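Below: the structure, in structure tokens.
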Amino acid sequence: MKILNASTHGILDYATVIAFASAPTLLGFSGAPAMLAYALAGVHLTMTVLTDMPLGLVKIIPMRLHALVEMLVGPTLITAAVLAPSLLMGAQVFFIASGIAICAVWLLSDYAAHRSTSG
């Protein structure tokens, strides 16, 4: 069931950026977990700003590519937290929960309903 439209998806994307960017401070991450959280915040912000959706600002990345990236990132976060616990020491639950949330948003988003507004 695809219940998230492109606008709602964009709001959730910006919320995800805030979650990744604030997690090291709020949850006390340092080292590799903090660097990964900050990197994910930067990548997610860049993807969101550049995606052709209502809340995208530059609109050069098609929604299909945005969806593909999210389809890959969610399971990768879960897998990394499970298979490399020493790398993400103390932050595994956060990255597993983030991966699950990204997978859920991917599954619930209606990427096909949004048509390009830039061309």
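Note that the structure is predicted; figures quoted are calculated from it, not measured. Note that these values count all heavy atoms, side chains included, but never hydrogens, waters or copies made by symmetry.
Cluster annotation: Leu107 is connected to Leu77 through the hydrophobic network of ILVMFWY side chains, with a link wherever side-chain heavy atoms come within less than 4.5 Å. One hydrophobic cluster holds both Phe94 and Leu40 under the rule that ILVMFWY side chains link at heavy-atom gaps under 4.5 Å. In the hydrophobic clustering of ILVMFWY residues, with side-chain heavy atoms under 4.5 Å counting as a link, Leu45 and Ile60 come out together. Under a hydrophobic clustering in which Ile, Leu, Val, Met, Phe, Trp and Tyr are joined whenever their side-chain heavy atoms come within less than 4.5 Å, directly or via other members, Leu108 and Val105 fall into the same cluster. The same ILVMFWY cluster, assembled from side-chain heavy atoms under 4.5 Å apart, contains both Val49 and Val73.
With rounding to the nearest 0.5 angstrom, the CG atom of Leu57 is 10.0 Å from the OG1 atom of Thr51. Atom CE in Met71 sits 13.5 Å away from atom CD1 in Ile102 (nearest 0.5 Å).
Note on residues 88-108: no pairs pass side chain to side chain donor-acceptor pair (under 3.5 Å), not counting sequence neighbours. The stretch residues 44-63 participates, sequence neighbours left out, in no ring pair (Phe, Tyr, Trp, His ring centres under 6.0 Å) pair at all.
Looking at residues two or more places apart in sequence or on another chain, you find a side-chain hydrogen bond (donor to acceptor under 3.5 Å, both in side chains) between Thr8 and Asn5. Judged as a side-chain hydrogen bond (donor to acceptor under 3.5 Å, both in side chains), and not counting sequence neighbours, the contacts of Glu70 are His9, His66, Tyr111. Under the side-chain contact (heavy atoms from CB on, under 4.5 Å) criterion, Thr76 pairs with no residue at all, not counting sequence neighbours. For Ala80, the side-chain contact (heavy atoms from CB on, under 4.5 Å) test picks out Leu88, with sequence neighbours left out. Every residue meeting the side-chain contact (heavy atoms from CB on, under 4.5 Å) condition with Leu55, not counting sequence neighbours, appears here in chain and number order: Ile11, Tyr14. For Leu65, the side-chain contact (heavy atoms from CB on, under 4.5 Å) partners two or more places apart in sequence, or in a different chain, are Ile61, Pro62, Leu68, Val69.
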Show the atom names and distances, to 0.1 Å, of all donor-acceptor pairs under 3.5 Å that link a side chain in residues 16-36 to residues at least two apart or in another chain.
residue	atom	partner	partner atom	Å
Thr16	OG1	Leu12	O	2.8
Ser22	OG	Ile18	O	2.7

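No donor-acceptor distance shorter than 3.5 angstrom exists from the side chain of Lys59 to the backbone of Leu50, with no hydrogens or angles considered.
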